[in-house]
Structures are given as C-alpha cells and as structure tokens.
Amino acid sequence: MRIFDPHIHMTSRTTDDYEAMYAAGVRAVVEPAFWLGQPRTSPASFLDYFDALLGWEPFRAAQYGIAHHCALALNPKEANDPRCTPVLDELPRYLVKDSVVAVGEIGYDAMTPAEDTALAAQLQLAAEHGLPALVHTPHRDKLAGLHRTLDVVRESALPVERTLLDHLNETTVAAAVDSGCWLGFSVYPDTKMDTDRMVAVLRTFGTERILVNSAADWGRSDPLKTREVAGAMLAAGFTDDDVDRVLWRNPVAFYGLGGRLQLDVPVPDALHEGNSVLRGGE
Ligand SMILES: [Zn+2]
C-alpha cells in the first residue's frame, strides 16, 4: 500500500513519526504553511519558516524515505495581524521554488474582512504562478464558511478544478461536491471526522476528487490516520484500487497540477529492501 498524506505539519512531529509513517506505507507528504501557536511578530519569522519547509524538512523526510513538498501562504488566522500581512509581498519569490506545489493553507478562520483580502490575494497568486490552492474551511459555522469560501473562489482567477477545499465534513460535503472543487477530509483522533464517518462519506459520495489527510500538527492528532482510513476502507469492502485512488492517485493528481511533484526519493540504506529508488512507493 502506498500513501500520500496531502496535509500534515511535520515541523511539529518527531522522527519517530517519520519512521512509523514509512512503516505504514506513507511515501509522500505535503506540508502546508500554518499557524505555529505562538504568534509571529514580523514577516521575517515567516521567511525562516518557509525556508525550513523548503530545505530542512524535505531533508529530514528523505532520511525516512518520504518525499516532502510544501504549500506556502499566509495562514487564515494570522491574516488578521498587521504585523504578519506584509509577508504577502514576499510570497511571490517563494512560490517559484521547485518543491512548492500549492498555495496554502489559505481560507477563513473567523471570516473577517482582513481574511477576505488575504484569501482573494492568495488565490490570485496561485493563478499567476500556475499552482493549485489548498483552502482550509473554518471549523466554526462550517456551512456558512464554505459558501463564503466558494463565493471568493468563484470570483477569483483560479479555476475550481485547481482548488482543494479542506476540513470538510458531513455538513459541507454535498455543497463542496457540487462546486467542482477537490475535496479534503482531515481525520483526527477525537474531533472533526473520524475513520468510520470518513468511510461513510466515501460510500455516499464515491472516491473521485476526494483526499484524506491526518492534518497532524502540534495539537492532538495522529499521523497514521491515513493508514487507518485505508484499513477501514478495505474492511468496508472497498478494493485496493479504491484505496490507492483516494490515498495516492488523487493527491498525486491534485498536487501534480502545478507540474512540480517529484516523487522519486532514494531509499535510505536503513530502509533498503532491494530496490534503489522508491517509485511512488510500490
Ligand atoms: Zn493544517
């Protein structure tokens, strides 16, 4: 089984997590830029973080046989902080880097006017750079948040088929399916979607354009939730091909839209099992 976690914050995770993820079949991840918990006080703080997502974290992931790409953005929460918003002027020179496969995560947190501005500006940046966008939907007031998000996406220059709506659940999935966007579901240990609810959504809505992620970060979360969903899908009667579509081919197709995805990571000696290069994690 090969797994691509399309939304995980490895900066907040340990090397034990990388080892366990590799053992579970995870061969690729996308790490979107996010809020670190401690507020940033200047754009320079973002730039060091972006550099870590472009340099250090892919290096660390490669030690464990995992291909690491990132999505860069000003996150929804810090879009409200005038000390942070000048980073929007720095983003263009980062969005041209090879391992940046999307703009994200962007979207709404508290649905403020400042968030409107940052979301629209960054959808425009995605369109200008030929990149797709990872758009987080708010955790509170979810359906209203989804509709407001879709209004901004539809007004933007970025086509819906280059937009991934993330953190969906049963209240937002139908509207998201109708929008033509890609659909992301974050499976957590005890809030939001869980494994059984995820399988039920897949039963109802099928496997097309659906991505499942762990969104693991510094909060209570589990980087192996993708593997757990794969197991639950098989137990529920989905085929190996269905699992491969949701947990590998769909994220490859979405993040491949920018033409920069590079999935060949040499297998480190410690993980060697006879083949010198992992090609998509067979
Ligand atoms: Zn996230």
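Side-chain atoms are counted along with the backbone in the values below, which use heavy atoms only and exclude waters and symmetry mates. We number each residue from 1, following the sequence as shown. Start at 1 and go down the list; that is how both ligands and their atoms are numbered.
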Establish, yes or no, whether the cationic atom of R148 lies under 6.0 Å from the six-membered ring centre of Y108 and within 45° of the ring axis. yes

Within 45 degrees of the axis of the six-membered ring of F4 and under 6.0 Å from its centre: does R27 put its NZ or CZ there? no

Distance-only criterion, 3.5 Å: show the donor-acceptor pairs between side-chain atoms of residues 209-217 and protein atoms not counting sequence neighbours.
| from | atom 1 | to | atom 2 | distance (Å) |
| --- | --- | --- | --- | --- |
| R209 | NH1 | G180 | O | 3.4 |
| R209 | NH1 | C181 | O | 2.5 |
| N213 | OD1 | S186 | OG | 2.8 |
| N213 | OD1 | A215 | N | 3.2 |
| N213 | ND2 | D166 | OD1 | 3.1 |
| N213 | ND2 | D166 | OD2 | 3.2 |
| N213 | ND2 | F185 | O | 3.4 |
| S214 | OG | D5 | OD2 | 2.7 |
| S214 | OG | A216 | N | 3.2 |
| D217 | OD1 | G219 | N | 2.7 |

Where the side chain of R227 meets the backbone of G25, is there a donor-acceptor pair that is under 3.5 Å apart? no

Between H7 and H136 (judged by ring centroids, cut-off 6.0 Å), do the two rings come close enough to count as a pair? no

If you count heavy atoms of other groups shown closer than 6.0 angstrom to CG of D190, is the number above 12? yes

What protein N/O/S atoms are found closer than 2.8 Å to the Zn ion (ligand 1)? H7 NE2, H9 NE2, E105 OE2

